[in-house]
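All remarks here apply to the structure that follows.
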Amino acid sequence: MSAPNFSVTAIVPAAGIGSRMQADRPKQYLTLAQSTVIEHTLTCLLAEPDIEMIIVALAAHDRWFAQLPLATHPRIKTVVGAAERANTVLNALQEVTSEWVLVHDAARPCLHACDLAAVLKAGQQADGAILASRVVDTMKRGDGEGLIAESVSREELWHALTPQCFATQTLLEALSAALAAGATITDEASAMEWAGFKPQLVAGRADNIKITRPEDLSLAQFFLEKK
Ligand SMILES: Nc1ccn([C@@H]2O[C@H](COP(=O)(O)OP(=O)(O)OP(=O)(O)O)[C@@H](O)[C@H]2O)c(=O)n1
Ligand SMILES: C[C@](O)(CO)[C@H](O)COP(=O)(O)O
């Protein structure tokens with residue numbers, strides 16, 4: 001008997017303004033490798049057959065997404081996001097009907113299919129899973145005045161990436177409760193941890209960068225040309 005094919009919905013947070021990018025439009029709509037950042041991201045998710053639907057969460061007055069050819073794709077729908085990423089994800093979660101959900105930043109266009117498949121497989125269990133990459137640099141904590149306060153052990157220190165994959169209802173309940181309690185939630189795993197779960201770390205490629213600052217664009221261009 002073949003393994004059950006659990007249904008999965010992807011949520012793509014794309015409601016940010018990209019202030020750190022200092023561009024003339026939100027960074028997810030900047031041109032990258034003959035397309036836009038978000039189209040690279042969506043194309044990777046659409047190529048995964050286990051993802052039955054993609055919910056793209058947009059800013060209320062987004063005027064760019066509707067101009068994209070992918071905007072009318074039958075496996076893509078949109079919802080309105082919110083001022084904070086966690087609330088954007090919560091808005092999208094209300095529309096998810098599948099048992100499992102995978103959240104992937106629009107601003108991470110360099111995701112490889114093998115990493116997507118790995119986190120999808122690992123995430124379909126109680127505590128879920130996230131893609132992550134081990135820290136390889138020596139880590140310092142600043143004192144807030146530009147001086148080193150301390151070195152931080154990089155033993156078992158990881159960069160949390162996306163996609164992050166969880167049971168839909170579990171994530172919805174954890175995220176709602178964490179936000180209501182005023183917890184600082186910067187990724188979905190933070191909410192699951194707040195609720196007492198221990199998501200699995202899935203070692204992923206370090207080139208799955210989040211496009212954040214201007215210099216990230218040329219790096220992403222290089223990575224996509226090598227993909
Ligand atoms: N209120 C928000 C904030 C962010 N995001 C999305 O979450 C991802 C990661 O967030 P980040 O890199 O911080 O994007 P921005 O918030 O746009 O960037 P900045 O902080 O520089 O303004 C991006 O795809 C962004 O569009 C979102 O959907 N809703
Ligand atoms: C979700 C995330 O990409 C994991 O590293 C990151 O937390 C997003 O943070 P941001 O400040 O919203 O970019």
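Computed from a predicted structure; not experimentally measured. Residues take their numbers from the sequence shown, with the count starting at 1.
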Original post:
Given the rule that I, L, V, M, F, W and Y join up when any side-chain heavy atoms are under 4.5 Å apart, are Val135 and Leu201 in one cluster?
Top reply: no
**OP:** Look up atom OG1 in Thr212 and atom CZ in Arg20, then write down how far apart they are to the nearest 0.5 Å.
**Re:** 5.0 Å
**OP:** Answer yes or no: is there a donor N or O on one side and an acceptor on the other, between the side chain of Asn91 and the main chain of Gly81, under 3.5 Å?
**Re:** yes
Original post:
Is the shortest side-chain N to carboxylate O distance from Lys227 to Asp207 below 4.0 Å?
Top reply: no
Subject >> Flag, side chain of Asp62 to backbone of Ala59, donor-acceptor distance under 3.5 Å >> reply: no
**OP:** Test Val37 against Lys27 for side-chain contact (heavy atoms from CB on, under 4.5 Å), laying out the working first.
**Re:** CA-CA 7 Å; Val37 171; Lys27 61 190 179 185; 5.8 Å; no
**OP:** Flag the pair Ser133 / Asn208 as yes when at least one side-chain heavy-atom distance between them is below 4.5 Å, and no otherwise.
**Re:** no
Original post:
Do Arg205 and Leu161 touch side chain to side chain, with heavy atoms closer than 4.5 Å?
Top reply: no
Original post:
Within the side chain of Thr88, is there an N or O that forms a donor-acceptor pair under 3.5 Å with the backbone of Pro13?
Top reply: no
Subject >> Residue pair Ile38 / Ala14: nearest heavy atoms and the distance that separates them >> reply: CD1-CB, 3.8 Å
Original post:
Judged by atom type as modelled, is there a donor-acceptor pair below 3.5 Å linking the side chain of Arg154 to the main-chain atoms of Val136?
Top reply: yes
Original post:
Looking at Trp100 and Gly123, what are the two nearest heavy atoms and their distance?
Top reply: CZ3-O, 3.6 Å
Subject >> Pairwise distance CD(Glu84) to OG1(Thr186) - rounded to 0.5 angstrom >> reply: 11.0 Å
Original post:
Has the side chain of Ser35 got a donor or acceptor atom that lies under 3.5 Å from a matching backbone atom of Leu32?
Top reply: no
Original post:
What's the verdict on side-chain contact (heavy atoms from CB on, under 4.5 Å) for Arg85 and Glu188, showing C-alpha distance, side-chain angles and the deciding distance?
Top reply: CA-CA 10 Å; Arg85 182 186 177 283; Glu188 289 60 63; 2.6 Å; yes
**OP:** Could you state whether Ile11 and Leu58 fall into the same hydrophobic cluster, counting links through intermediate Ile, Leu, Val, Met, Phe, Trp or Tyr residues with side-chain heavy atoms under 4.5 angstrom apart?
**Re:** no
Original post:
Nearest heavy-atom pair of Ile51 and Ala10: which atoms, and what distance?
Top reply: CG2-CB, 3.9 Å
Subject >> Between Asp187 and Ser190: side-chain donor-acceptor atoms closer than 3.5 Å >> reply: yes
Original post:
Under 4.5 Å between any side-chain heavy atoms of Ile76 and Leu46, yes or no?
Top reply: yes
Subject >> Passing candidate, side chain to side chain contact (heavy atoms under 4.5 Å, CB included) with Glu39, options Pro109, Pro69, Cys44 >> reply: Pro69
Original post:
How close do Ala191 and Ala174 get, heavy atom to heavy atom, and via which atoms?
Top reply: O-CB, 3.7 Å
Original post:
So do the side chains of Trp158 and Glu156 get within less than 4.5 Å of each other, counting heavy atoms only?
Top reply: yes
**OP:** Locate the shortest heavy-atom distance separating His104 from Arg108; write the atom from each residue and the value.
**Re:** NE2-O, 2.9 Å
**OP:** Might you work through the side-chain contact (heavy atoms from CB on, under 4.5 Å) test for Thr168 and Leu93, ending with a clear yes or no?
**Re:** CA-CA 7 Å; Thr168 304; Leu93 276 170; 4.3 Å; yes
Subject >> Met21 CE to Leu30 CG distance, which is reported to the nearest 0.5 Å >> reply: 6.0 Å
Subject >> Hydrophobic cluster identity match, Phe197 and Leu120, side-chain contacts under 4.5 Å >> reply: no
Original post:
Do Leu102 and Leu116 touch side chain to side chain, with heavy atoms closer than 4.5 Å?
Top reply: yes
Original post:
Is it true that a side-chain atom of Lys210 and a backbone atom of Asp105 form a donor plus acceptor pair closer than 3.5 Å?
Top reply: no
Original post:
Is there a donor-acceptor pair closer than 3.5 Å between any side-chain N or O of Ser19 and the backbone N or O of Ile17?
Top reply: no
**OP:** State whether the number of non-hydrogen atoms from other residues, nucleotides or ligands found under 6.0 Å of Gln125 atom CD is greater than 12.
**Re:** yes
Original post:
Any donor and acceptor pair, going by atom type alone, linking the side chain of Ser176 with main-chain N or O of Glu173 inside 3.5 Å?
Top reply: no
Original post:
How about Met139 and Ser151: do any of their side-chain heavy atoms sit closer than 4.5 Å?
Top reply: no
Original post:
For the atom pair NE2 (His159) and CG (Asp137), what is the distance rounded to the nearest 0.5 Å?
Top reply: 6.5 Å
**OP:** State, with a plain yes or no, whether a side-chain heavy atom of Leu171 is found less than 4.5 Å away from one of Met192.
**Re:** yes
**OP:** Return yes when atom CD of Gln94 has more than 12 non-hydrogen atoms of other residues, nucleotides or ligands closer than 6.0 Å, and no otherwise.
**Re:** yes
Original post:
Pro26: what forms a side chain to side chain contact (heavy atoms under 4.5 Å, CB included) with it, not counting sequence neighbours?
Top reply: Gln28, Tyr29, Trp64
Original post:
Are Ser98 and Thr9 close enough that a side-chain donor and a side-chain acceptor fall under 3.5 Å?
Top reply: yes
Original post:
Any idea which heavy atoms bring Asn87 and Ala82 closest together, and the distance?
Top reply: CB-CB, 3.5 Å
Original post:
Between atom OG1 of Thr184 and atom CH2 of Trp194, what is the distance when rounded to the nearest 0.5 Å?
Top reply: 12.5 Å
Original post:
Is the side chain of Glu52 donor-acceptor paired with the backbone N or O of Ser7 at a distance under 3.5 Å, no angle test?
Top reply: no
Original post:
Is any side-chain heavy atom of Val89 closer than 4.5 Å to a side-chain heavy atom of Ile185?
Top reply: no
Subject >> Donor-acceptor pair, side chain of Asp127 and main chain of Lys198, under 3.5 angstrom >> reply: yes
**OP:** Decide side-chain contact (heavy atoms from CB on, under 4.5 Å) for Leu172 and Leu90; before the verdict, give the C-alpha distance in whole Å, the side-chain angles of both, and the deciding distance to 0.1 Å.
**Re:** CA-CA 7 Å; Leu172 178 57; Leu90 192 55; 3.6 Å; yes
**OP:** State yes or no: do Val202 and Leu45 share one hydrophobic cluster built from I, L, V, M, F, W and Y residues joined by side-chain heavy-atom distances below 4.5 Å, directly or via other members?
**Re:** yes
Original post:
Going only through I, L, V, M, F, W and Y residues with side-chain contacts under 4.5 Å, is there a path from Ile211 to Leu131?
Top reply: no
**OP:** Give, for atom CG of Leu70 and atom CZ of Arg75, the distance between the pair rounded to the nearest 0.5 Å.
**Re:** 11.0 Å
**OP:** Return yes when atom CG of Leu147 has more than 12 non-hydrogen atoms of other residues, nucleotides or ligands closer than 6.0 Å, and no otherwise.
**Re:** yes
Original post:
Under 6.0 Å from the CD atom of Glu150, do we count more than 12 heavy atoms belonging to anything else shown?
Top reply: yes
